[in-house]
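For reference, the structure is listed below as structure tokens.
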Amino acid sequence: MLRLLLLLLLARMQSCNPRPPNVLPEEDSEDTRTEALRRLLEVFGIEDPPRSPHHIKQPPQYMVDLYNTVAGADGITKDPDILEGNTVRSFLDKTHSDEMHFLFILSSVAKNERILTAELHLFRLRTKAAEGPFYKRHHFCQVSVYQVLDKNKLDSFEGKKLLAARLIALQGSGWEVFGITQAVRDWMEEDSSNHGLLVTVRGLGSAPVDPSMVRFASGRDHHESKKPMLVLFTDDGRRGAALPISSLPDLSPKTPDLPAEPLAPEVSGARTARSLDRFLPCQRQLLSVDFEEIGWSGWIISPKSYNAYHCKGSCPFPLGENMRPTNHATVQSIINALKLSQDVSSPCCVPDKLFSINLLYFDDDENVVLKQYDDMVAGSCGCH
């Protein structure tokens with residue numbers, strides 16, 4: 001497992017001439033593992049690994065469906081344009097009340113995240129058929145969502161601000177979605193202003209509607225899959241490689257200076273394999289990242305593992321089109337072959353196409369987050 005983590009970090013340095021692997025001293029091994037895991041968390045934009053949920057918890061079906069729309073089973077992005085931004089967060093109502101007053105705690109949203117869209121998802125429960133002369137003349141009602149400004153003045157315009165209103169049929173069931181972006185932006189600017197949301201149901205022309213006719217699932221007595229939910233689409237501004245090469249730790253084994261006289265030839269299997277690598281053409285090879293082996297399976301929902309791939313092999317002169325060389329690499333290869341400069345090495349076998357992956361996971365508050373990470377999978381390799 002430690003070897004996998006080191007490979008994942010060192011691959012980002014795109015080294016042409018990796019040193020032969022050495023066995024680290026036992027006292028250094030644990031320190032290296034700790035540092036490697038910390039750096040891997042940085043790649044995923046997470047400061048500390050979230051705690052695993054205290055009990056078996058099912059993620060909201062909406063978030064699971066969204067993940068399956070955006071990513072394959074291996075987490076690799078199907079279409080990078082599906083998501084608005086690179087992060088989707090879901091929050092369940094914290095009031096646990098039967099009243100139409102909802103509160104969502106947004107403390108896990110980072111200050112650098114740009115709020116793009118916020119939606120209130122309410123599940124409408126199936127009710128009995130409407131009876132009476134009013135329901136024969138009216139088939140719709142108006143559902144309004146307000147931002148609560150003052151809990152003590154909800155009966156006046158001073159206590160609430162209208163965010164969204166829509167007509168819905170009196171008969172029916174299923175999810176209803178309302179845009180509440182401005183309220184969330186207000187809450188992010190001033191956390192103390194978050195007094196929640198209020199939902200009202202009125203007939204056309206402000207006529208009252210029997211509350212039993214239009215009911216939404218609450219956060220207290222209904223199944224987890226139907227509870228009120230806030231869905232937040234954000235962007236944290238992270239693009240491309242998460243870590244500059246200069247910030248990576250020096251994990252290469254320390255070797256002493258070579259003696260003046262030549263060493264006796266090494267005939268071990270490892271030496272033979274390394275010699276053969278020099279004659280293998282540049283190609284993509286497997287590099288599995290298993291979150292269970294790393295110890296993260298308790299909070300990562302999907303994927304359980306993914307294949308990051310890595311590039312390995314030589315870029316000998318002359319470079320063929322199958323090695324996907326850049327013009328610069330072709331010139332470098334020629335200069336190296338002609339030995340016009342001792343400082344010019346042969347081109348490197350590195351990723352020339354990178355794909356993003358998606359993680360679905362629980363954060364520290366047990367909210368479910370879908371996050372997309374750029375440049376995490378080597379799609380193809382070439383000589384550069």
Side-chain angles (χ1 to χ4, degrees), residues 1-22 36 39-40 43 72 74-78 80 239-253 255 265-290 305-357 373-384:
M1 185 62 246
L2 179 60
R3 177 181 172 83
L4 182 152
L5 292 172
L6 299 182
L7 279 173
L8 186 61
L9 289 170
L10 291 172
R12 303 180 71 88
M13 300 172 67
Q14 300 181 348
S15 173
C16 296
N17 302 301
R19 296 173 183 260
N22 281 4
R39 294 290 179 151
L40 193 57
V43 171
D74 55 3
I76 297 178
T77 303
K78 296 178 183 177
R239 288 292 180 270
L243 286 174
I245 291 176
S246 61
S247 72
L248 285 168
D250 181 9
L251 299 178
S252 57
T255 56
E266 183 181 17
V267 294
S268 68
R271 177 62 177 266
T272 303
R274 291 197 298 275
S275 299
L276 290 174
D277 286 345
R278 295 168 50 199
F279 302 102
L280 291 175
C282 176
Q283 57 188 286
R284 191 176 74 154
Q285 298 191 359
L286 300 181
L287 173 57
S288 177
V289 180
D290 191 315
S305 64
Y306 78 97
N307 204 326
Y309 294 99
H310 70 112
C311 296
K312 188 175 183 180
S314 62
C315 295
F317 175 84
L319 296 178
E321 290 186 5
N322 62 314
M323 295 186 181
R324 305 165 65 93
T326 60
N327 288 337
H328 180 274
T330 300
V331 172
Q332 181 176 334
S333 176
I334 294 170
I335 298 299
N336 174 260
L338 294 175
K339 297 182 169 36
L340 297 180
S341 173
Q342 294 182 347
D343 297 329
V344 177
S345 61
S346 61
C348 303
C349 177
V350 296
D352 60 2
K353 184 183 293 184
L354 292 162
F355 298 135
S356 60
I357 66 163
Y373 300 90
D374 290 342
D375 301 345
M376 296 295 288
V377 175
S380 62
C381 300
C383 292
H384 289 230

Short question: side chain of [X], backbone of [Y] - any donor-acceptor pair under 3.5 Å?
{"X": "S314", "Y": "L280", "answer": "yes"}
{"X": "N336", "Y": "V344", "answer": "yes"}
{"X": "R284", "Y": "A378", "answer": "yes"}
{"X": "S356", "Y": "T77", "answer": "no"}

| said: Is any side-chain heavy atom of Y309 closer than 4.5 Å to one of V377? | reply: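 Heavy-atom side-chain distance check passes, below 4.5 Å.
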
**Prompt:** Taking everything shown except K78 itself, do over 12 heavy atoms lie less than 6.0 Å from its NZ?
**Reply:**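 Atom NZ in K78 is crowded, with more than 12 foreign heavy atoms closer than 6.0 Å.
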
What distance do [X] atom [atom1] and [Y] atom [atom2] have between them, rounded to the nearest 0.5 Å?
{"X": "C383", "Y": "R324", "atom1": "SG", "atom2": "CZ", "result": "11.0 Å"}
{"X": "F355", "Y": "D374", "atom1": "CZ", "atom2": "CG", "result": "12.5 Å"}
{"X": "M376", "Y": "N307", "atom1": "CE", "atom2": "CG", "result": "12.5 Å"}
{"X": "Q285", "Y": "C349", "atom1": "CD", "atom2": "SG", "result": "8.5 Å"}
{"X": "H310", "Y": "L287", "atom1": "NE2", "atom2": "CG", "result": "5.5 Å"}
{"X": "S345", "Y": "I335", "atom1": "OG", "atom2": "CD1", "result": "12.5 Å"}

Using the side chain to side chain contact (heavy atoms under 4.5 Å, CB included) definition, which of the options P325, P318, C315 pairs with T330?
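The option that passes is P325.
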
Show, in sequence, the C-alpha distance, side-chain angles and deciding distance for Y306 and I76, and conclude whether the side chain to side chain contact (heavy atoms under 4.5 Å, CB included) test is met. CA-CA 8 Å; Y306 78 97; I76 297 178; 5.7 Å; no

Any chance the SG atoms on C381 and C311 come in under 2.5 Å?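 A disulfide is present here, as the SG pair of C381 and C311 is separated by less than 2.5 Å.
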
